[in-house]
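Chain letters run A, B, ... following the sequence lines, proteins first and then strands; every chain starts at 1.
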2 protein chains.
Amino acid sequence: MTTSCLAERLGELIDLSDSEKAALGSLELRERTLRRGVVLLREHDKAPELFVVRRGTMMSYVILPDGSRQIVRFLFRGDLIAMAGLVYRTAPETVIALTECAVASVDRAAVGSLAVEHPRLAALLIAVDQIERVALTDRLAGLGRTSAKARVAALLIEIRNRLRVVDGTGGDSFHLGLTQEEIGDATGLTAVHVNRMLRQLQDEGLIARDGGRMTFVNEAALLRTAHHTARDSARAAGVDLSWLPPAR
Amino acid sequence: MTTSCLAERLGELIDLSDSEKAALGSLELRERTLRRGVVLLREHDKAPELFVVRRGTMMSYVILPDGSRQIVRFLFRGDLIAMAGLVYRTAPETVIALTECAVASVDRAAVGSLAVEHPRLAALLIAVDQIERVALTDRLAGLGRTSAKARVAALLIEIRNRLRVVDGTGGDSFHLGLTQEEIGDATGLTAVHVNRMLRQLQDEGLIARDGGRMTFVNEAALLRTAHHTARDSARAAGVDLSWLPPAR
DNA sequence: CGCGGACTTGACGTCCCTCAACGCCAGTGG
DNA sequence: CCACTGGCGTTGAGGGACGTCAAGTCCGCG
C-alpha cells in the first residue's frame, strides 16, 4: 500500500502535498483484520477507539429500547469509524464487519497534532464531515417522506455507487452483501416488506437478482423511483474548496 | 454583546483563550435581522453564504420531488448555518426564520485562516460536527423505527432542551413556535396525525397545551414514550476533549 | 364582516406490519 | 449417505397505524 487510505480519500478532493500524505500515513497505526460478522465496537463501550477502513465493508447501527435495530451507515475503504469517539466517552453506535475487513486504528491525540501541523488537513476533515452530513440528511428525508419502494431503490443505488468508487468496477452488476433483514433495518422496513419491494422492482424490470448478485436493468427508472438527487462529490464541479489554507 | 455567539457555543465545551475568543469574534461579519418566515437561503441557490445564528430560532428543510417537505434541523443561537456551503457550490437545504432572528455572515476563507491561526478551534469545529452527527443519527433512528407518538414526544423534548439552553429558563413550560404541520414535516407525519398524537399525550396527562404554550406535566413519562437517551453534551462527564492541541 | 390560516374531529382507505407456513441451502453430526 | 438444524428468502392472509378527505371551529386581520 503506497499511500494511506485517508490520503487516498482526501486526495479525491484535492491534491495533497508529500508531507501531508506522510502525516496522514502516520495516523494509521496497528492494522487489524476482521471476519464477517465481527463486532469492532459496541454501543456504550467505554473510551472507544478510532479507526479507518482499509479493506472490506462495514456498517454501524443502534439498537432501540424495544430491540429493533436502525442501521445508520455503511462504511467503505477510507471511511473514518467512530469519529464520535473524539467527543463522547462512550460509543454511540455499534460497528460490525459485513465482509472480511481490515481496519487501522487512529490515535485521538494524533488528530489534535494533525490540526497543528497540517491546518489544511483539519479543514479538509471539516469538509468531509459536511459531505457526510448532507448524505445523512438525504437519508433522513428518505425515511421521513418516501415510500418503501423508493427507500429500497435508494439504498441499492447508494451501495452500488460506493462500491463502484472502491472497486473501480464500472458495471451495473454488483454483489450486495446484505440480507433482506439488513436492508430493512437500514430503510426502516421489515424484511418481509423488503422482499415484496425487491420483487416488485424486479417484476417491473428495474433490477435483476441472481443469488447475491444484483443487476440494474433499467437504471434511469430506478433512479426515478428512488427520487435520487445526484450530489456531485469528489472532484466534480459541484464542489468548491478554494477557501482551504495553503498546504504544508 | 461582549463575546461572539460562536465563542459562546464553543466555550460550553472548553475554556477559550482570549486570542481564540477574538478570532471567533472577527469571524462574524455583517449582522442581518430577519422577520418570521423570511427565507435566508434557498435550496439550489448558487454559492451559498455561511451564517451563525445570533438570536431567534430557525429551521432548515428540503423539498422532495413530490412536493413534500422534510424538516432537517432546528437552529438556535450559536448554531452554524449552511456549513455545507463550505463544500457544495449549491445549497442542499432551505433555511428559514421561525421567529424574529439575527444572523451574522461568516466568510468562507476566514474559516481556512482560522484553521491556520488557531488549530485548536479547527479541532473543536470537528468535535462540534461529531456532536451534531450523533444528534442526526438519533433522529434517523427515530424516523426509521419509532411510533408516531414517540416521534412527536421526542421532538417536543428536543426543542424544549435547546430552548432551555438558549433562554436559560428552567421551567417545564415553553413556547413551541411550530405549527402542527411543521411538527409533522419534522417527524415524517401528517398534520392531522400530529394533532391526534398531541391530543393523546394530553389526554394521558403527559403534556398540557394552552395556545402556543406547551407544558410538560409528566416529564418522566414523556421521556419514556420518546425513548429518549440522554447524551451528555457540553461540559458534562460524557465528553472528552483531552486530545485537543494547546490553545493559541 | 369576510377571509385565510391553524386546529380539531370523524369516516374511510391504504401502506406496511404481523404472523404463519413453506422452500432452499449450507452445515454438521450420525 | 441421510437426518437434522438454522438462516435466509418467499408468499399469503389479516390487522393496525397512519394517511386522506371532508367538515367545522376558532382566531387574528384587513
> Considering residues at least two apart in sequence or located in another chain, which fulfil the side chain to side chain contact (heavy atoms under 4.5 Å, CB included) criterion with B/Val106?
Replying inline: B/Leu27, B/Leu50, B/Val52, B/Val111

>> Quick check for you: to the nearest 0.5 Å, what is the distance between A/Met58 atom CE and A/Cys101 atom SG?
In response: 5.0 Å

>> Rounded to whole Å, please give me the gap between CG in B/Leu178 and C1' in C/dA6.
In response: 13 Å

>> So does B/Ser60 get a backbone contact from the side chain of B/Arg73, meaning a donor-acceptor N/O pair under 3.5 Å?
In response: no

>> Looking at B/Arg108 and B/Val87, would you say the former's side chain and the latter's main chain have a donor-acceptor pair under 3.5 Å?
In response: no

>> Rounded to whole Å, how long is the line connecting atom CG of B/Leu198 with atom C1' of C/dT9?
In response: 14 Å

Quick one: side chains of residues 221-228 of chain A, donor-acceptor pairs under 3.5 Å with protein atoms, not counting sequence neighbours, listed by atom name and distance.
from, atom 1, to, atom 2, distance (Å)
A/Thr225, OG1, A/Leu222, O, 3.4

> Would you say B/Arg9's side chain and B/Leu80's backbone share a donor-acceptor pair under 3.5 angstrom?
Replying inline: no

> Between atom CG in B/Asp203 and atom P in C/dT8, what is the gap in whole Å?
Replying inline: 11 Å

>> Given 3.5 Å as the limit, does a donor-acceptor pair link the side chain of B/Asp79 with the main chain of B/Phe76, or not?
In response: yes

> Quick one: A/Glu181 CD to D/dG9 C1', roughly how many Å, whole number?
Replying inline: 12 Å

>> Rounded to whole Å, please give me the gap between CZ in A/Arg199 and C1' in C/dC16.
In response: 18 Å

> Between the two end axes of the helix from C/dC1-D/dG30 to C/dG30-D/dC1, each built from 5 base pairs, what angle do you get to the nearest 10°?
Replying inline: 30°

> Should A/Glu204 and A/Asn218 be marked as a side chain to side chain donor-acceptor pair (under 3.5 Å) after you check the CA-CA gap, both sets of side-chain angles, and the distance that decides it?
Replying inline: CA-CA 9 Å; A/Glu204 291 169 356; A/Asn218 185 343; over 6 Å; no

With a cut-off of 3.5 Å and sequence neighbours excluded, list every side-chain donor-acceptor pair involving residues 173-189 of chain A.
from, atom 1, to, atom 2, distance (Å)
A/Ser173, OG, A/Arg213, NE, 3.1
A/Ser173, OG, A/Thr215, OG1, 3.4
A/Thr179, OG1, A/Glu181, N, 3.4
A/Thr179, OG1, A/Glu182, N, 3.1
A/Gln180, OE1, A/Asn195, ND2, 3.0
A/Glu182, OE1, A/Thr179, N, 2.9
A/Asp185, OD1, B/Arg145, NH2, 2.5
A/Asp185, OD2, A/Arg69, NE, 2.6
A/Asp185, OD2, A/Arg69, NH2, 2.8
A/Thr187, OG1, A/Ile183, O, 2.8
A/Thr187, OG1, A/Gly184, O, 3.4

> A/Asp185 has an atom CG; how far is it from atom C1' of D/dC8, in whole Å?
Replying inline: 14 Å

> Along nucleotides 15-30 of chain D, 5' to 3', which nucleotides get a B, which get an S, and which get a -, given that the test is a protein heavy-atom distance under 4.0 Å?
Replying inline: ---BBBB---------

> Does B/Arg35 reach the main-chain N or O of B/Glu100 with its side chain, forming a donor-acceptor pair under 3.5 Å?
Replying inline: no

For nucleotides 22-26 of chain C, list the nitrogen or oxygen atoms of the protein found under 3.5 Å from its nitrogen or oxygen atoms, one pair per line.
none

> Which atom names give the shortest non-hydrogen contact between A/Glu43 and A/Tyr61, and what distance separates them?
Replying inline: OE1-O, 4.3 Å

> In whole angstrom, what separates B/Gln200's CD from C/dT8's P?
Replying inline: 14 Å

> In whole Å, what is the span from the CD atom of A/Gln180 to the P atom of D/dG9?
Replying inline: 4 Å

> Would you say a side-chain N or O of B/Asn195 is under 4.0 Å from OP1 or OP2 of C/dC7?
Replying inline: no

